[in-house]
Structures are given as C-alpha cells and as structure tokens.
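We name chains A, B, ... by the order of the sequence lines, and we start the count at 1 in each one. Quick note: numbers below take in every heavy atom, side chains included, and nothing from hydrogens, waters or symmetry partners.
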Amino acid sequence: MSKNKKLLLIDGNSVSFRAFFAMHNVLDKFVNGDGIHTNALYAFNNMLEIILKDEKPTHTLVAFDAGKTTFRTKMFDEYKGTRDKTPQELMEQLPLIQEMLNYRGIKTYQLPDYEADDIIGTMAHKAQLDDMDVTIITGDRDLTQLATDKITVKVNVKGVTETESYTPEHVKEKLGLTPKQIIDMKGLMGDASDHYPGVEKVGEKTAIKLLNQYGSVEGIYEHVDEMKKSKLKEHLINDKDKAFLSKKLATIDLDAPVSLNLSDLEYQGDNQEQLLQFYQKMNFRTFLDRMDVPQDSAEDLKEIKVQALDEAAIEKIVQSDKVHTLIVEGFGNNYHIDPIVGLLISDGTDFYGTVDFAILENEKLKAWLSDSTKEKYLFDNKATVALLHRYGCDLSGVTFDMLLVAYLLDTNDNKQDIGLVAKNYNINLPSEEEFYGKGVKKAVPEDENVLLNFLAQKAKVIFDLKDKMMAELKDNDQDSLYDEIELPLSNVLAEMEIKGITVEVPKLKEMENTFATKLSEIEQKIYQEAGKEFNINSPKQLGVVLFEDLKLPVIKKTKTGYSTSVDVLEKLKDKSPVVQMVLDYRQISKIQSTYVVGLQKFVQPDNKIHTIYLQTLTQTGRLSSIEPNLQNIPIRIDEGKQIRKAFVPQHKDWEIFSADYSQVELRVLAHISGDEHMQEAFNEDYDIHAHTAMRIFGLDSTDEVTPNMRRQAKATNFGIVYGISDYGLSQNIGISRKQAAAFIESYFEQYPGVKKYMDDIVKYARENGYVETIMHRRRYLPDIHSKNFNVRNFAQRTAMNTPIQGSAADIIKVAMINMQKMLEKEKLQANLLLQVHDEMIFEAPKSEIPTLEKLVPSVMDSAVRLDVPLKVETAHGKTWYEAK
DNA sequence: GTGCTCACG
DNA sequence: ACGTACGTGAGCACC
C-alpha cells in the first residue's frame, strides 16, 4: 500500500547494554540529582537522535525482554545460563529509558515468555508483508538472520553511535551465506554467550564450509552417511540432537503472539514539554541545548563580560584573597616556540583579559604569579609554566590543574582539550578545533573580544567543575596520586623541558655525510642485484622487486600487499643477497632520516633541544615525548647509538650522568603478585633470567643454564609482563607454539603466585570495569565484556600488563620529584634533563659525579617501599653515548 | 589522512 | 575456532 512507509525497530535490551558499557568509564560522572546513573540513558538517546535523523521512520518500536524465562528456557533450561547478571547501575536505567522513549513518541513493548528478538522478528515480518521498509537496530549479531531486501539489520559497532549494516548482500560477502543460513550456522557451532552447545569442534569456518556444500542443517544430515570417514563426521553424528536443538534456539520467532498492529507503531515525535522536564531531571544539558528552548541564564555560558586586564585590575587581583583561575592561551602545539595569544584572570565573578603581553612586565602581577600563598586554578600547569617562563614570569600556588585531574579520572580524556573535558560533564564549551578551526582554516579570531570571551568561558568551566572533579578524585582514592605525584611532577617536567639538552650540530652534520655515502653505496648494489632502479623506501615497490621480480617466497601479507618487515626479511636472508642489503639500507636510512637529519630540525638557537613530555596521554601512566621524541634515541645497534655522541652537557667540564632501574617491571610483578619464588630471587639478588631458566627447565643450579636457556627464559619473563600468549612467545623466540605453551605452563607451576595474579586481575577488571596501579592510577577496560574473542583477549592482556607497567611509571615519577627536591636541598648544580621510562639522565659538573653516584641510587631505590628491593645502575661520561 | 615500518622502554 | 605479545612517536609512501 505505501512505498514510503518505514518501520524502525530497536532491540532495547541489547542496545541499552551496549550503551551502558560504551560509557562505563564515565559511569560516575553521569548521575542525576536523585543519585541515579544516567550514562546508558544518555548514550541511548544520543544514538536515537542520530538514527531518527538518518532513517526518518514513519513507524517505530523499541522491544524489550520481559523476564528471565522464555519459551527457549523451556526447551533448554541452561539457555543464557552463564550470562553475567545485568549490573544494578544499568537495571535502574531501564525504566528511565522506556519513560524517555514515551516522551519521544516511540512505542515500547514487551511480551512474557518471548525475547525482544522475537517481537522484532514478528513485527518486521508483518511490516514486510505490508511492503514497508524496515530497519532494525541491535547490539548483537543474532538478528542478522532477519535481513531481506526489505529488512536491513544495523548492528552497533564501537559503542552505539556507529552501526554496520547487514543486507543479504553484506551477509553473503562477510560469511558466504544467506541470512537464513545464519540460523543453521549457529545450530552447528552453538553460542557461547547464550550458552547453548553446537557440534563439537565445529566453529564458524567449518560451519560455513558445510553449509556451502549442503545448504542447511537438514541438508547436512541427509548426506552425513555419504561423508568420508573423519573426526568431523563422528562429531556430526554424535551431536545431531544438539545441532537441531541449537538451530531451534537460534531461530527467531516470526509469529509471536504480539498484540500490536502496525498502526499502533506510528511515530508520534517528541512531546516537547514532557521531554524538557525529563532532560532537566536528568541534568542533560547537551540535549536541552539542542531543544532550542530558553534556558536558565545562570548556567548559560554564552556571554561573559570581560574587563581589561590593566593596572587597576591587577591591583584588585593582588589584593584579593580569593582563588583565581588563570588562562595563558598559547596558539599551536609547541609552547616552547609558538606564540601566546591571550591572557585571562578571574575570581569567578570578574573576568579580566588582555592580548597585550606588556602586562607581564608588571612587577605586582609577577609577584602575584610567583606567590605560592595565592591559590590558582588552571588547565595544564606545565604548559602555563613554560609559556610564562618565556616572559620572565614564575608561577606558583597552583592547586587545581583540570588537565591532570581529568586524565587521572579517565585516561581516555587525554586529548589535552578543555572543551572535550567539559563535554564529558555535559557542558557545552567549544573544543580547540571547534573554536580555532582546523587545517588551513586554523586561526586566531580577528576580534579579540571573541577570543577573550572564549578564555572567560574556559575559566568559568574550571571554576564550575573543580569541586565535582576533586570529589570524584577522592572517591576513587586518587587524591594523593594527584597531590603528591602528578601535580608536583608537572613542575619537574616543566623545568626539564625548559632546561633542554645540548646537542652538537656539527657532530650530526658529520654523521649525515658519512651515512649519505654509505646509503648511496648500498643503493647502487641493490639496483645492480635487482636489475633495476626503484624506491627502496617504498614497501610497495620493494615488494614487487622481492616477490615478483626475484620470486622470493611470500611469508606474510599486509592489508595492502606483501609484508617486507624485518621478521619477514630475516627469514629470506639466505635466499638472495639483496635481502641483507635491504636490511642494511633500511637500518641506516632510518637512522639518517629520523635521527641525524630529523633531530637537527629541533635544535634551537641556544643549541638545545626542548622536547615536550605529554603527561596525560598514555593509558598506563607513562610519559611520552614529542617534538622530538627523546625517548627512542637508538641504543641497540652501534650505528644508531652513535647519535648519542651528539648529546652533550651544556658546559665544558660537565658530564652526562644516567641512572636506570634494573628490571623494575619484574620487581613490581614480584611485589604485586606476592609470588614467593620470584620475591626470593630478587631478595637474594639472583640473576633473575638465569633463575627463571633454572626453574622452568627443571635444573638443579643456575650453573647448568646455557646462554640459550637464559635467552628463552628472559623472553618468557617479558611475555609474562605483557600478558602472555603461547603464540606471541613462540613468534618472539622462534619456537613452536606447543613448546611455548609448555614453557608458560612450567612457568606458572614454578611461579604460582604470578598465575594467581593473572587470574585475579582479569576477574577484578570484569567486576569493576577497571584495573589500578600501586598508586591507584586507573585504567578502564570496557572491552573486557566484549563478545568478540580478540577484543576481549586484548583487554585481558591489558588488564594484566597495565598494573605492572603503570606501577613502574608511578615509581619513577616519585623518584623524579624526590630527586629534584634533593638536588635543590643539596645545592647541586646538576640538572635532571630526560626521563626514558626506567631511567633518568642528568648533566652535572664533573666534580659532582661522585656525589650523584651515591645520591641518585639512594633516592631512586627508596622512592616507594616494595616487598622486594629496587636496584639502580648508574653510568657517566662526556656524552650520552659514554654514559651507558 | 592512513598504513607500514622501525626506533625506544 | 578465533589470531595475539604491553606502551609509545616519527618518517615515508601513497591516496
């Protein structure tokens, strides 16, 4: 009857579930005035707005599951038996979601004894008979069996705002099956998450193969007798009943006793008034903003009156006892060189701003900035300190750095953007990109009032969110991580960056010439061998030469062609002389472009490189270093290591001094796992890798350990820290997967505490949604609940690794802060210049080296108290090269 | 802008 | 059966 009618069907339970876990990391931020969590509600509504806009349905229905028992549990009482309980924080939101849907003019429905799937199947079927187009939105793939020419099934991917569309063509492309055959596939393979069995040893691959041959479960069993004798045939025969039962369980009912007519589903559109009240009750600012209704002006950020930051204003500021928020706005991402564009100071009531930096020469303002009794809030202390330093100002008295707090609360808030943080709290402040534009359009607004108003908005947001964020920090037991580690560290890092490390450019120039000659030599040889000239740096062109012209065997492929990575080339070394040449070329070319040439671009007129440490980026709590990255200067191969000869102390008669923690991650593991054998090894200061080798190879003494055994044990220790898999270990040390699995088993037998830690931490992550370090640094792991095997496994390995890597990061951060204090206290001239995850690099007068050799290890090994000792090794020399 | 490769811990 | 080591940044080719 109607070509242009369109029905939108949503699986309420599965989408709510996904919405909940997609925003699980912000669970505590989304709480309304009544203490009810609203994260799933928020994400669900966000998705709904996008879907309604895209689909423009005329009819809508959201189906929910009615209860625990269904006709399926009657057929098979373990159906969905082992499924985790729905979290309480989600349970309380389900009625709210239904309420909101009502206000949005969308019908909701549930039916005793039936799942949402069956309601959707039935209504989709009805609508199809009526010639309507149907779109189904769901969080899980079970519904894809419903796809037809008229019915499209869209499955949420990555959260809920993106979907993957399943049409019959798409199913064919992905699986090589028709949608209906998905039921047969599930019958054969079963479903782990719904907890019903299929045929033993039959997974997706086998199921698809069988169905391509025989069409359906019925078809398979008609021909099962004709199959060749095989394990598969045996399993099929043994599990015939299971296959048919599972197929039934997997089949969505298209004729459930649903008491709805299509006309009941007509989309009504929003009830503005009720929806408005509802959003207000839920504190949904973003949605209120979109509703285009007048708002409470007290909360409105749109216009803030900014007064001039002049001498009169400064007088008021310095006289005041109030806390002030300070915005020093840089433009560009390198605050060591890019310009400052604006300055704003506010006590929350008055906002004083200027774009004229002569004001920073004002002595009263200078004194106020450096006065530690004058309390200040800001966003990004390190950047602010660095910017002000360039104008001869010191900064002190900062107690709230919103950047650091946001990152500690959730390591995913690592975009260094105040607008993005504000959005997490439902406050509509433009992001840097939204305000300044991006790409070629990126620019400071011509009208300075526009800019100052933006800065005022930032200041206001900082005031508005400070209490809430600090309270969250306390709830998470992270206040001392912030007060005692991250905030003091930001000052230490600022000092290190500002100080910079001296580089001898002539030394780099000299290397550049040497390597250039070497490169062109190898280049010519490669061309000769290959019989043609080509770009060796192009993996594509290189692939053609190696695998087509020279016909070398293809070991690995990438998405786009042949892989030419080191591990592939290593295996092809003896097949053709050109392979070794390419390896040599690659090595030198990397050193040349990234380091010899690359680093020179960063040397400033003071002959120094000033890197930027990102303190709020990594998921584990480590630092990272950019522009340039000084944490990956070559050391493993000698040609590369030469680069370090260009890094020198800033004065004659000074030296570079370095100190690193020995096996800090394994010591952390020994501590947090409490494993007796591993702790003993460290307490007795044994060679840990040899000791591990002795244990896993069942030897009586470390004297029997061969170098190869030690090497393998070392790799296993690393693997353990990374959240081991037999495959990963086998690849790394070139043994079979079986052998690797045996190593791991033996390892866990010898170190049962480690095994227990691995099991417990994954369980902890599942129950709490996050893991934490010894200093309570948190990392949320929503993927721990993923249905996807790979995604879930990755999250599990992360759960194992993060507390280890993160605690090691905590430890060195404490050591850096203590070290800086100690240098000051002892009035040493030595400067802390660099940090490379487990080591600190200093420059110091030669005369101070003996002092440092005692002092630095003692500060580092006493940074925290673990159940095993920390061990520190030091070295020094004229250049960084010699300090190792 | 994305993918590949490779430098570090 | 699935396809894997953990955490980063930068240069180059190619679209």
Worksheet entry | Separation of C/dG7 C1' from A/Y613 OH (nearest whole Å) | 16 Å
Discussion item. If I pick the P atom on B/dT5 and the same atom on C/dT4, what distance separates them, to the nearest angstrom?
Written reply: 14 Å
Item to complete: In whole angstrom, give me the gap between the P atoms of B/dC4 and C/dA5.
Response: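 One P to the other, the span is 13 Å.
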Under 4.0 angstrom, heavy atoms only, what part of the nucleic acid is [X] near: base, sugar-phosphate, or nothing?
X	answer
A/N788	nothing
A/V721	nothing
A/A740	nothing
A/G723	nothing
A/Q619	sugar-phosphate
A/Q805	base
A/T564	sugar-phosphate
A/I591	nothing
A/V202	nothing

Worksheet item: First and last nucleotide of DNA chain B in contact with chain A, 5' to 3', at under 4.0 Å to a heavy atom: what are they?
Response: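 Using the under 4.0 Å cut-off, the span is B/dG3 to B/dG9.
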Worksheet item: Among pairs that include at least one residue of residues 792-806 of chain A, which meet salt bridge (Lys or Arg N to Asp or Glu O under 4.0 Å), considering only residues two or more places apart or in two chains?
Response: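 Those involving residues 792-806 of chain A do not exist here.
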Worksheet item: Does any pair with a residue in residues 616-633 of chain A pass salt bridge (Lys or Arg N to Asp or Glu O under 4.0 Å), and if so which ones, sequence neighbours excluded?
Response: A/R622-A/E665
Worksheet item: What residues in residues 625-641 of chain A put a non-hydrogen atom under 4.0 Å from any atom of DNA chain B?
Response: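 Within this stretch, A/Q631, A/N632, A/I633, A/P634, A/I635, A/R636 sit under 4.0 Å of the strand.
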Options [options], nucleotide nearest the side-chain atoms of [X]:
X	options	result
A/S593	C/dA5, C/dC2, C/dC12	C/dC12
A/K590	C/dT4, C/dA5, C/dG9	C/dG9
A/N793	C/dG7, C/dA13, C/dG3	C/dG3

Could I get the full list of side chain to side chain contact (heavy atoms under 4.5 Å, CB included) partners for [X], not counting sequence neighbours?
X	result
A/E433	A/S431, A/K438
A/I337	A/N334, A/Q604
A/S490	A/N381, A/K382, A/L404, A/L487, A/Q615

Is [X] near enough to [N] that one of its side-chain N or O atoms lies under 4.0 angstrom from OP1 or OP2?
X	N	result
A/T594	C/dG11	no
A/R737	C/dT4	no
A/S538	C/dC14	yes
A/Q541	C/dC14	yes
A/R797	C/dC6	yes

If the condition is salt bridge (Lys or Arg N to Asp or Glu O under 4.0 Å), which residues does [X] pass it with, not counting sequence neighbours?
X	value
A/D675	none
A/R737	A/D726
A/R710	A/D687

Item to complete: Quick one: sort the A/F647 and A/W880 rings into parallel, tilted or perpendicular, breaks at 30° and 60°.
Response: perpendicular
Discussion item. Identify the stems formed by DNA chain C, where each pair is Watson-Crick or G-U wobble with both distances under 3.5 angstrom and a stem is at least 3 consecutive pairs.
Written reply: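 So the stems come out as B:1-9 with C:6-14.
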Item to complete: May I ask you to decide whether A/E234 forms a salt bridge with A/K201, counting only side-chain N to carboxylate O separations under 4.0 Å?
Response: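 Judged by the 4.0 Å cut-off on N to carboxylate O distance, A/E234 and A/K201 do not form a salt bridge.
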Worksheet entry | From A/I183 atom CD1 to A/L249 atom CG, the distance as rounded to the nearest 0.5 Å | 12.0 Å
Worksheet item: In terms of side-chain heavy atoms, does A/Q600 have a donor or acceptor partner in A/K509 at a distance below 3.5 Å?
Response: yes
Worksheet entry | Comparing A/G203 and A/T618 on DNA chain C - which has the more 5′ nearest nucleotide | A/G203
Discussion item. Please compare A/G598 and A/F794 by the position of their nearest nucleotide in DNA chain C and report the one closer to 5'.
Written reply: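 Final value for this comparison: A/F794.
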Fill in: ring pair (Phe, Tyr, Trp, His ring centres under 6.0 Å) contacts in which one or both residues fall within residues 713-738 of chain A, not counting sequence neighbours
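Ring pair (Phe, Tyr, Trp, His ring centres under 6.0 Å) check on residues 713-738 of chain A returns no pairs.
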Worksheet entry | Donor-acceptor pair under 3.5 Å, A/S725 side chain vs C/dT4 base |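 Such a pair exists between side chain and base.
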Discussion item. Under 5.5 Å centre to centre and under 30° between planes: does that hold for A/F789 and the six-membered base ring of C/dC2?
Written reply: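 The base of C/dC2 is not stacked with A/F789 (the test needs centres under 5.5 Å and planes under 30°).
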